[in-house]
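Here you go, one structure.
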Protein chains: 2
Amino acid sequence: MTTRETIIDTADHLIRSNGFNAFSFKDISNKIGIKTASIHYHFPTKSDLGVATIKEHIERFEYLKKEFENKSPLQKLNGFLSIYSQIKSENKVCLVGSLATDLNTVEDSIKNELKNFAELVLLWVTEILTEGKKQKMFEFQTTPRTKALMIITNILAIVQLSRLTQAEDFDIVKEAIIKDLRPHI
Amino acid sequence: MTTRETIIDTADHLIRSNGFNAFSFKDISNKIGIKTASIHYHFPTKSDLGVATIKEHIERFEYLKKEFENKSPLQKLNGFLSIYSQIKSENKVCLVGSLATDLNTVEDSIKNELKNFAELVLLWVTEILTEGKKQKMFEFQTTPRTKALMIITNILAIVQLSRLTQAEDFDIVKEAIIKDLRPHI
DNA sequence: AAGATACTACCTATTAGTAGATAGGCAAAA
DNA sequence: TTTTGCCTATCTACTAATAGGTAGTATCTT
């Protein structure tokens, strides 16, 4: 990994563990053994680093999409949900959830990039649901987009909420999402 | 309102607009025209102020519960969901959603008080759903607690997510929650 | 030699928090 | 009734630590 990639990776970890406003260049400096001034060389401002971190997520998301291109809607949805299982197991939250609460305090560049990312995710889940309904693999009453919003909000927020209720609640909700889509099983 | 109450009120506003780590005693000082040292008189540490803010929410929540005591499950659920409509209209997020992302950075006192609050909310929604199912007013397949988790995560996260997608998505999800519980209508 | 990368050293602003002074209100003692 | 003293609430003035960011210099790689 290049230094630049290492910085982004560490920033990503810190944003999703502590929040955008609770991490500093010094934190990264301490973690990867590089001076804060050197981080500024790669990312002039904190916002630049924030934007780069979101862009990295977008790239990884596009890659995941491609990986699941020829799989079934159910496999795709499970793939999507397992991202959050990973996040949960690391005691983090998802990038959208983390930055959405800080939205009023960040620059427009971050806001706009995050909008792009959220739109991308919503679009993919909507597509999965549309495809799944057509194949009679999924059952639901609302529009695919609305159902996608329901599922995304479920999984995004249970990552956060299960920190406060019980860790097991994450899997309970994850399974309930799938079960709800496949009542005939 | 006493000074103490005004401070809590302002802190609440700032926490839910900007996040716990993005507000300072100076922000409150500027807003209400009192020196930061005077805020420390009422709340020795920032954590003390955080805890007091959650306690205030708990009290208001208990009051709301009492107000709806003799109403129908549907009225109760609508009452619960309308809290979030209010939050959304003010461009804030809910306290649980805001602090849950900052959870790794706050003191245990805040963490524990927030757990109490979250447990209280989950309990009430679970009760509403149990009652509604018994009265055949609501229909759902999972346990009431699981369904409560689904609904709370929906409404909590759509407040955040609709900042990124479209503001109308909030009402779409809110209506879908009710419709899903009452498919016979 | 030249560009990329990292460094030292610094700056200014802000943070949470503290010490000590002051002012007003209230109540018991003189 | 006046005085004494305490309590509440606020203030001014300060601290040490940390924040994001910059200028100029050194080092490494090609």
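A note on names: the letters A, B, ... follow the listed sequences, proteins ahead of strands, and every chain is numbered from 1.
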*Taking atom P of D:dA9 as reference, at what distance in whole Å does atom CD1 of B:Ile34 sit?*
10 Å

_Verdict with reasoning, A:Asn154 to B:Thr153, per side chain to side chain donor-acceptor pair (under 3.5 Å)_ = CA-CA 5 Å; A:Asn154 278 146; B:Thr153 50; 2.8 Å; yes

*Look at the side-chain N and O atoms of A:Lys46 and state whether any lies under 4.0 Å from the OP1 or OP2 oxygen of D:dG20.*
yes

*asked:* Under the criterion side chain to side chain donor-acceptor pair (under 3.5 Å), I'd like the reasoning laid out for B:Thr45 against B:Asp48: C-alpha separation, chi angles, the key distance, then a yes or no.
replied: CA-CA 5 Å; B:Thr45 69; B:Asp48 293 329; 3.1 Å; yes

*Is any side-chain heavy atom of A:His13 less than 4.5 Å from a side-chain heavy atom of A:Asp27?*
no

*asked:* Please determine whether side chain to side chain donor-acceptor pair (under 3.5 Å) holds for the pair B:Ser162 and B:Lys88, giving the CA-CA distance in whole Å, both sets of side-chain angles, and the decisive distance to 0.1 Å.
replied: CA-CA 9 Å; B:Ser162 61; B:Lys88 177 69 196 167; 2.9 Å; yes

*How many Å lie between CD1 on A:Ile28 and P on D:dG21, as a whole number?*
12 Å

*Could you check how far CZ of B:Phe23 sits from C1' of C:dG17, rounded to whole Å?*
14 Å

*Are B:Ile177 and B:Ile172 grouped together when hydrophobic residues (ILVMFWY) are joined by side-chain heavy atoms under 4.5 angstrom apart?*
no

*Kindly confirm or rule out a cation-pi arrangement of A:Lys46 over A:Phe23, judged by NZ or CZ under 6.0 Å from the six-membered ring centre and within 45° of its axis?*
yes

*Please state how far atom CG in B:Leu14 lies from atom P in C:dA16, giving the value in whole angstrom units.*
11 Å

*For the pair made of CD in B:Glu107 and P in C:dA16, what is the distance, rounded to whole Å?*
13 Å

*N or O in side chain of A:Ser24 less than 4.0 angstrom from D:dA19 OP1/OP2*: yes

*asked:* Which residue in the set B:Ile178, B:Ile128, B:Asp180 passes side-chain contact (heavy atoms from CB on, under 4.5 Å) when paired with B:Phe138?
replied: B:Ile128

*Rounded to the nearest angstrom, tell me the gap between atom CG in B:Asn30 and atom C1' in C:dA13.*
14 Å

Give every pair of a protein N or O atom and an N or O atom of nucleotides 3-5 of chain C that lie under 3.5 Å apart, one pair per line with the distance.
unit_1, atom_1, unit_2, atom_2, d
C:dT5, OP2, A:Tyr41, OH, 3.1

*Knowing that exactly one of B:Leu14, B:Ile7, B:Asp12, B:Ile8 qualifies, which makes a side-chain contact (heavy atoms from CB on, under 4.5 Å) with B:Thr10?*
B:Leu14

*Taking CG from B:Asp27 and P from C:dA13, how many angstroms apart are they, rounded to a whole number?*
17 Å

*Between B:Lys174 and B:Asp169, is the closest basic N to carboxylate O distance under 4.0 Å?*
no

Would you tabulate the pairs of protein nitrogen or oxygen atoms and nucleotide nitrogen or oxygen atoms of nucleotides 22-30 of chain D closer than 3.5 angstrom?
none

*What is the distance from NZ of B:Lys26 to P of D:dT12, rounded to the nearest Å?*
10 Å

